[in-house]
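In what follows, a structure is listed as structure tokens, so that the remarks can point back to it.
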There are 2 protein chains.
Amino acid sequence: MDLDALPFDVFAKDCPSRGTLEHVTGRWGALTLGALHEGSFRFNELRRRVDGVSEKMLSQTLHALERDGLVHREAQPTNPPRVDYTLTPLGREVSERLLALIQCVQGRMEDVLGARERYDEVRGAR
Amino acid sequence: MDLDALPFDVFAKDCPSRGTLEHVTGRWGALTLGALHEGSFRFNELRRRVDGVSEKMLSQTLHALERDGLVHREAQPTNPPRVDYTLTPLGREVSERLLALIQCVQGRMEDVLGARERYDEVRGAR
DNA sequence: CAGCATCCGCAGTGATACTG
DNA sequence: CAGTATCACTGCGGATGCTG
């Protein structure tokens with residue numbers, strides 16, 4: 001497949017797809033999409049699932065993904081408030097590819113760790 | 001597939017797979033792996049292909065990917081020096097999934113841009 | 001050509017406090 | 001619960017200069 005034939009080329013520095021790709025692959029974006037692939041979550045459920053994310057970063061990440069049309073936000077005007085986040089159809093398409101990547105990396109961590117040891121051994125450690 | 005059954009869980013904040021995932025999906029890591037998927041490149045060829053990357057960041061990115069066993073570095077002691085970068089078999093596995101993701105995002109940019117417009121319209125722009 | 005060393009500004013990030 | 005607001009800090013990443 002010829003990438004250059006597409007209307008958007010991520011390799012060009014001013015292409016808007018770079019921004020979206022960064023939202024998707026960013027540290028918190030990737031984990032958030034990965035979590036939401038398993039179903040619907042509330043804000044604090046997500047916060048617990050994505051271990052280590054701060055309130056602010058999760059909020060920020062969700063806004064970016066919602067704006068890009070990957071995440072759907074459903075707020076119920078109850079008290080206490082309840083907000084559920086789910087993937088949109090587009091988000092599901094993206095997250096499926098993303099999850100394939102994440103699982104590939106996870107599954108090959110043994111090899112990666114082995115490569116690191118060999119690398120660090122040749123060059124005088126660190 | 002049950003992620004919790006794997007020895008490495010990227011959702012846990014101290015899992016080493018998070019680091020590798022960030023090397024792979026980071027701004028420059030993703031584009032570098034994407035470029036190398038098309039074949040072998042020399043340093044400055046890569047620099048031109050990955051539009052906007054600085055010398056320092058490319059160098060740093062390549063080192064991280066090499067250490068993780070995803071990229072192979074072949075230096076020839078000629079003058080002028082010639083160094084070729086290629087994907088390792090492991091790197092090719094990862095980059096294939098990564099490229100599927102990149103192409104998915106690229107191909108759906110129209111939808112993303114549309115979603116943004118709708119989002120910005122409802123909320124008083126910016 | 002293929003890099004490493006150094007400096008440095010500022011945006012991204014996290015901790016904390018506060019609101020509806 | 002579901003966020004927003006504020007602030008201090010770090011380290012990403014660009015610019016520059018130099019080496020083999």
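Proteins get letters first, then strands, A, B, ... in listed order; numbering begins at 1 in each. Keep in mind it's a predicted model, so treat the numbers as computed, not measured.
Few gaps surround CD on Gln76(B); more than 12 heavy atoms of other groups in view lie less than 6.0 Å from it. For CD of Glu117(A), the number of neighbouring non-hydrogen atoms (other residues, nucleotides, ligands) closer than 6.0 Å is 12 at most.
If you check every strand for non-hydrogen atoms under 4.0 Å, Arg27(B) touches sugar and phosphate atoms only.
In terms of position along DNA chain C, the nucleotide closest to Val83(B) lies nearer the 5' end than the nucleotide closest to the other residue of the pair Trp28(A) and Val83(B).
With Leu33(A) as the fixed residue, the side chain to side chain contact (heavy atoms under 4.5 Å, CB included) test singles out one of Thr25(A), Thr61(A), Val24(A): Val24(A).
With a cutoff of under 4.0 Å to any heavy atom of chain B, the contacted region of DNA chain C is bounded 5' to 3' by dC1(C) to dC7(C). Here the range on DNA chain D touched by chain B, meaning any atom under 4.0 Å from one of its heavy atoms, is dG13(D) to dG20(D).
For the segment residues 50-76 of chain B, residues with any heavy atom less than 4.0 angstrom from an atom of DNA chain C are, sorted by number, Glu55(B), Lys56(B), Ser59(B), His63(B), Arg73(B).
Here the shortest heavy-atom pairing between Val10(B) and Cys15(B) reads N-SG, 4.1 Å.
Judged by the 6.0 Å distance and 45° axis criteria, Arg42(B) is not positioned over the aromatic ring of Tyr85(B). Both tests hold for Arg49(A) against Phe11(B): distance to the six-membered ring centre under 6.0 Å, angle to the ring axis within 45°.
Taking the side chain as every heavy atom from C-beta outward, Glu96(B) and Leu99(B) never approach each other to under 4.5 Å.
A donor-acceptor distance shorter than 3.5 angstrom exists from the side chain of Thr88(B) to the backbone of Leu70(B), with no hydrogens or angles considered.
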Trace of the side-chain hydrogen bond (donor to acceptor under 3.5 Å, both in side chains) decision for Arg47(B) with Ser59(B): CA-CA 10 Å; Arg47(B) 197 149 145 40; Ser59(B) 173; over 6 Å; no
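Salt-bridge formation is detected for the pair Arg67(B)/Asp120(A): a Lys NZ or Arg NE/NH1/NH2 atom is positioned less than 4.0 Å from an Asp or Glu carboxylate oxygen.
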